[in-house]
Amino acid sequence: MAHGRGGGVAGAGATRADDVRRAGRLGSMASVALSEAEKVYIVHGVQEDLRVDGRGCEDYRCVEVETDVVSNTSGSARVKLGHTDILVGVKAEMGTPKLEKPNEGYLEFFVDCSANATPEFEGRGGDDLGTEIANTLYRIFNNKSSVDLKSLCISPREHCWILYVDVLLLECGGNLFDAISIAVKAALFNTRIPRVRVLEDEEGSKDIELSDDPYDCIRLSVENVPCIVTLCKIGYRHVVDATLQEEACSLASLLVAVTSKGVVTCMRKVGKGSLDPESIFEMMETGKRVGKVLHTSLQSLLHKEESLGPKRQKVGFLG
C-alpha cells in the first residue's frame with residue numbers, strides 16, 4: 001500500500017452560504033445527494049484543514065495497487081482508492097505505424113464505465129464520461145517524454161507495436177481521474193512485449209519472428225509517465241483525493257498531470273465554477289508537491305511487488 005501526504009495549503013477562510021448552495025457535482029461522474037447542513041459541515045471543515053474522514057487538505061486515502069491481475073494481457077493493474085476501484089489491461093498487438101510518425105508505435109485508449117459501478121452508467125449513461133476520460137489520457141500521453149514510442153517500432157513504416165489500454169471502472173467513489181492515471185502507469189510498468197527479430201532473405205522480403213521466451217521481452221520505462229492530481233476547490237481552499245461527498249461541495253476542480261520530477265505536462269479545469277489566477281497558481285504548486293510524493297510511493301510499491309517474483313500471492317480482480 002502507498003499513500004501520499006503533504007503539508008498545509010495557504011488561503012484558509014470562512015465560506016459563504018451561497019457558495020455552498022450552488023455546489024453541485026462535477027462532470028458526469030457518479031453523484032451523491034447531500035443536505036444543505038451536510039454541505040456546510042464539509043465546507044467549514046475544509047477551511048480548518050480537517051476533512052470528514054480525518055485527513056488534511058493534501059492527504060490521499062490509502063492506495064491499493066496490484067499488478068499482473070489479468071492473465072490474457074501484456075500487462076495489467078488494479079487500483080483501489082477509497083471506494084473507487086479501477087482495472088486496467090494493456091494488450092500489445094502488431095500493426096502499421098501512423099503515416100506522420102513512421103518510426104514510432106502508439107497507444108490506444110478505451111474506457112468502459114461498468115453499470116455495476118453506479119446506476120447512472122446503465123445503458124449509455126457512462127459513454128460521455130468514458131470518452132472524456134479517454135480524451136484526457138490521450139492529452140497526457142501526447143508528448144514524446146511520457147513513453148518512448150520509438151522503442152515500439154519494429155521496422156519503420158511497416159511494423160510497430162500498438163498498445164491497447166483498456167480501462168474498466170468497477171466502482172466510483174470519487175477522484176476517478178487520479179485512480180485511473182495510477183492504474184494506467186502501474187499497468188504499463190507491468191507490460192511485457194515479446195522481443196522481435198526481423199529476418200530478411202536474399203530476395204529482400206522480410207519475415208518477423210517473435211520470441212517465445214516469456215523472459216525475453218521489452219519493458220517500458222514509466223519514469224516519465226505522469227499521474228493526475230485532481231484538486232477540488234471547496235470554499236476558499238482546495239483538497240486532493242476528494243470523496244463523492246466533497247466533490248458534491250465543489251464548484252470547480254483542476255486536473256494537473258505531474259511527472260515524478262514535479263513537471264506539469266497537462267492541465268484541465270472541470271466543473272461549472274470559475275477559478276481565479278491566484279487559486280490556479282496555488283493549486284498547481286500543490287499538485288506538483290503532492291504529485292512528487294505520489295510518484296515516489298507508487299514507484300517504491302511497484303518495484304517492491306515485482307521483487308517478490310512470480311511466487312507472490314495474487315488476489316486478482318475477482319478477489
Do [X] and [Y] have side chains that get closer than 4.5 Å, going by heavy atoms?
X	Y	result
Tyr60	Val290	yes
Asn103	Pro97	no
Val184	Phe141	yes
Thr230	Leu254	no
Thr96	Cys160	no
Ile228	Thr136	yes
Val40	His44	yes
Leu34	Gln245	yes

Gap separating the [atom1] atom of [X] from the [atom2] atom of [Y], nearest 0.5 angstrom:
X	Y	atom1	atom2	answer
Leu301	Thr67	CG	OG1	8.5 Å
Cys113	Leu169	SG	CG	5.0 Å
Asp49	Cys57	CG	SG	4.0 Å
Leu220	Lys185	CG	NZ	12.5 Å
Met283	Lys233	CE	NZ	6.5 Å

With the 4.5 Å side-chain cut-off for hydrophobic clustering, are [X] and [Y] part of the same group?
X	Y	value
Leu50	Val239	no
Ile162	Val90	no
Val111	Tyr106	no

Is the shortest side-chain N to carboxylate O distance from [X] to [Y] below 4.0 Å?
X	Y	answer
Lys150	Asp148	no
Asp241	Arg55	yes
Glu58	Arg289	yes
Glu104	Lys98	no
Glu306	Arg219	yes
Glu108	Lys91	no

I'd like to know whether [atom1] of [X] has more than 12 heavy-atom contacts from other residues, nucleotides or ligands below 6.0 angstrom.
X	atom1	value
Arg157	CZ	no
Tyr41	OH	no
Phe281	CZ	no

Subject >> Derivation of the side chain to side chain contact (heavy atoms under 4.5 Å, CB included) call for Leu163 and Leu188 >> reply: CA-CA 9 Å; Leu163 301 183; Leu188 290 173; 4.3 Å; yes

Has the side chain of [X] got a donor or acceptor atom that lies under 3.5 Å from a matching backbone atom of [Y]?
X	Y	answer
Asp59	Gly56	yes
Ser300	Thr296	no
Thr243	Gly174	no
Ser74	Ala92	yes
Asp85	Leu170	no
Glu305	Glu66	no
Ser250	Glu247	no
Arg197	Arg195	no
Ser279	Leu275	no
Lys269	Gly271	yes

Original post:
Picking from Val165, Val167, Leu107, what satisfies side-chain contact (heavy atoms from CB on, under 4.5 Å) with Leu137?
Top reply: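 Between Leu137 and the candidates, side-chain contact (heavy atoms from CB on, under 4.5 Å) is satisfied uniquely by Val167.
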
Original post:
Taking the six-membered ring for Trp, are the ring centroids of Phe110 and Tyr164 within less than 6.0 Å of each other?
Top reply: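 No, the ring centres sit 6.0 Å or more apart.
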
**OP:** Could you give me the CA-CA distance, side-chain angles and deciding distance for Glu246 and Ile42, then say whether side chain to side chain contact (heavy atoms under 4.5 Å, CB included) is met?
**Re:** CA-CA 7 Å; Glu246 289 171 334; Ile42 291 171; 4.0 Å; yes

Original post:
Between Leu168 and Ile86, does a side chain to side chain contact (heavy atoms under 4.5 Å, CB included) hold up when you go through it step by step?
Top reply: CA-CA 6 Å; Leu168 176 61; Ile86 308 294; over 6 Å; no

Solution key, residues 256-266 side-chain donor-acceptor pairs under 3.5 Å, sequence neighbours excluded:
residue, atom, partner, partner atom, Å
Thr259, OG1, Lys261, N, 3.3
Thr259, OG1, Val263, N, 3.2
Ser260, OG, Glu223, O, 3.1

**OP:** Take Leu251 and Ile234 through the side chain to side chain contact (heavy atoms under 4.5 Å, CB included) test and state the conclusion after the steps.
**Re:** CA-CA 7 Å; Leu251 291 170; Ile234 299 178; over 6 Å; no

